[in-house]
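Have a look at the structure below, then the notes.
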Number of protein chains: 2
Amino acid sequence: MSHPLDTVFAALADPTRRQILTMLLEDDMAVTDVAQPFDISLAAISKHLLVLSASGLITQEKRGRVKWCKLDPNAMRAASVWMQGFGQFEPIHLDAFERFLDQELNQS
Amino acid sequence: MSHPLDTVFAALADPTRRQILTMLLEDDMAVTDVAQPFDISLAAISKHLLVLSASGLITQEKRGRVKWCKLDPNAMRAASVWMQGFGQFEPIHLDAFERFLDQELNQS
DNA sequence: GGCTTATTCAACCAATCGGTTGACGAAACG
DNA sequence: CGTTTCGTCAACCGATTGGTTGAATAAGCC
């Protein structure tokens with residue numbers, strides 16, 4: 001019975017889990033493949049993935065004997081929105097938007 | 001020897017600490033005043049504030065016998081940038097930017 | 001000087017966390 | 001069929017966490 005943001009931020013607080021998330025950014029992965037770059041046990045990785053899916057940061061789908069892990073952007077978006085709600089700093093991706101803006105302005 | 005994001009996200013994972021941060025959004029506060037809305041001990045609040053300042057989310061300055069707590073946006077910005085670096089979702093404040101964009105495009 | 005207020009320190013506690021190991025279940029291979 | 005591969009489960013471990021209390025420090029007030 002804890003706030004969703006509790007579990008999302010807690011999940012993000014661990015460097016192994018953050019690295020897993022960045023790996024999943026490239027492509028969906030099976031549990032064993034996720035574990036490959038780390039030198040901790042497969043069981044430990046399995047637990048990390050459980051934490052990530054419990055927080056909603058990833059989803060897991062079992063096809064045959066392999067379980068596929070994929071990013072689910074919703075939870076991280078919620079956390080990001082909470083932060084932005086703070087309004088203490090300029091919106092991110094300003095650069096990208098300015099480039100886009102320049103492009104739009106100069107093409108006509 | 002942990003990554004800065006470890007401590008920032010860990011600090012954000014606690015609802016009491018997040019509430020303290022939102023309180024500090026209104027104004028700087030003394031430790032005792034921070035503690036007032038919570039029904040946990042002052043010592044517990046003091047520890048929470050230590051966690052927040054260790055992570056860089058707030059700074060504390062002692063003037064006389066009272067210690068003032070104020071938000072420091074840098075740490076949260078770093079965390080927000082990390083999230084946005086994921087690029088899995090539209091940048092927040094898109095609305096504001098689109099309004100700005102429209103304005104720029106239509107004024108010439 | 002003596003009381004009061006502000007805050008931290010120190011010791012303790014139960015619960016959670018990140019990791020291990022070994023056994024287990026279930027799907028694929030030959 | 002037997003074996004290998006994929007992944008989880010269960011029990012355990014030491015460290016950390018969020019809380020408590022009571023004492024200690026330090027600054028302001030009358």
Side-chain angles (χ1 to χ4, degrees), chain A residues 1-24 27-71 75, chain B residues 1-24 27-71 75:
Chain A
M1 309 304 138
S2 59
H3 195 281
L5 287 182
D6 291 8
T7 58
V8 173
F9 283 128
L12 292 175
D14 186 274
T16 301
R17 287 192 292 258
R18 285 199 308 277
Q19 189 178 334
I20 291 174
L21 290 175
T22 62
M23 287 163 55
L24 290 177
D27 206 354
D28 300 354
M29 296 180 82
V31 173
T32 307
D33 296 330
V34 169
Q36 196 265 327
F38 301 96
D39 59 349
I40 61 180
S41 69
L42 183 62
I45 294 292
S46 183
K47 283 190 189 177
H48 279 304
L49 291 171
L50 185 67
V51 171
L52 287 172
S53 73
S55 73
L57 284 162
I58 69 168
T59 57
Q60 290 181 290
E61 183 198 355
K62 195 154 144 196
R63 276 203 302 269
R65 70 179 156 172
V66 356
K67 200 174 196 175
W68 292 92
C69 309
K70 76 179 295 179
L71 277 179
Chain B
M1 311 299 144
S2 58
H3 195 281
L5 286 183
D6 291 8
T7 59
V8 173
F9 283 128
L12 292 175
D14 186 275
T16 300
R17 287 192 294 259
R18 285 198 309 275
Q19 190 178 331
I20 291 175
L21 290 175
T22 62
M23 288 163 56
L24 291 176
D27 205 355
D28 300 355
M29 297 179 83
V31 174
T32 306
D33 296 329
V34 169
Q36 196 266 327
F38 301 95
D39 59 348
I40 61 179
S41 70
L42 185 62
I45 294 292
S46 183
K47 283 191 192 176
H48 279 304
L49 290 170
L50 185 68
V51 171
L52 287 171
S53 74
S55 73
L57 284 163
I58 69 169
T59 57
Q60 288 181 292
E61 183 198 354
K62 194 154 146 197
R63 276 202 301 271
R65 70 180 155 170
V66 355
K67 200 174 196 175
W68 293 92
C69 308
K70 78 178 294 180
L71 277 180

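In this text the structure is predicted, and so the values were computed from the model without any measurement. Below, chain A is the first sequence line, B the second, and so on; all start at residue 1. Only heavy atoms go into these numbers, but all of them, side chains included; no hydrogens, no water, no symmetry mates.
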Inset, instruction - Between protein and nucleotides 25-30 of chain D, map the contacts as a letter string: B base, S sugar-phosphate only, - none, heavy atoms under 4.0 Å, written 5' to 3'. - result: --BS--
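- Separating the CG atom in Leu24(A) from the CH2 atom in Trp68(A) is a distance of 11.0 Å, to the nearest 0.5 Å.
- Within residues 46-58 of chain A, the residues approaching DNA chain C are Lys47(A), His48(A), by heavy-atom distance under 4.0 Å.
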Which donor-acceptor pairs under 3.5 Å do side chains of residues 14-22 of chain B form with protein atoms, sequence neighbours excluded?
from     : atom 1 : to       : atom 2 : distance (Å)
Asp14(B) : OD1    : Thr16(B) : N      : 2.9
Asp14(B) : OD1    : Arg17(B) : N      : 3.2
Arg17(B) : NE     : Ala11(B) : O      : 2.9
Arg17(B) : NH1    : His48(B) : ND1    : 3.2
Arg17(B) : NH2    : Ala10(B) : O      : 3.1
Arg18(B) : NH1    : Asp6(A)  : OD1    : 2.9
Arg18(B) : NH1    : Leu12(B) : O      : 2.8
Arg18(B) : NH2    : Asp6(A)  : OD1    : 2.6
Thr22(B) : OG1    : Gln19(B) : O      : 2.7

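- A heavy atom lying under 4.0 Å from DNA chain C marks none of the residues of residues 4-24 of chain B.
- Taking all atoms of both residues into account, the shortest heavy-atom contact from Ile45(A) to Ile40(A) is CD1-CD1, 3.8 Å.
- Taking both residues in full, the closest heavy atoms of Phe38(B) and Met23(B) are given as CE1-SD, 3.9 Å, listed atom of the first, atom of the second, then distance.
- Against DNA chain D, the stretch residues 36-45 of chain A makes heavy-atom approaches under 4.0 Å through Leu42(A), Ala43(A).
- Distance NZ/Lys67(A) to CD/Glu61(A): 11.0 Å, rounded to 0.5 Å.
- Thr59(B) contributes atom OG1, which lies 11.0 Å from atom CG of Leu49(B) (distance to the nearest 0.5 angstrom).
- Interatomic distance, Lys47(A) NZ to Ser41(A) OG, rounded to the nearest 0.5 Å: 8.0 Å.
- To the nearest 0.5 angstrom, Cys69(B) atom SG is 11.5 Å from Asp27(B) atom CG.
- For the pair Val31(A) and Gln60(A), the minimum side-chain heavy-atom distance is below 4.5 Å.
- With pairs defined as Watson-Crick or G-U wobble and both atom distances under 3.5 Å, the stems of at least three pairs that touch DNA chain D come out as C:4-24 with D:7-27, C:26-30 with D:1-5.
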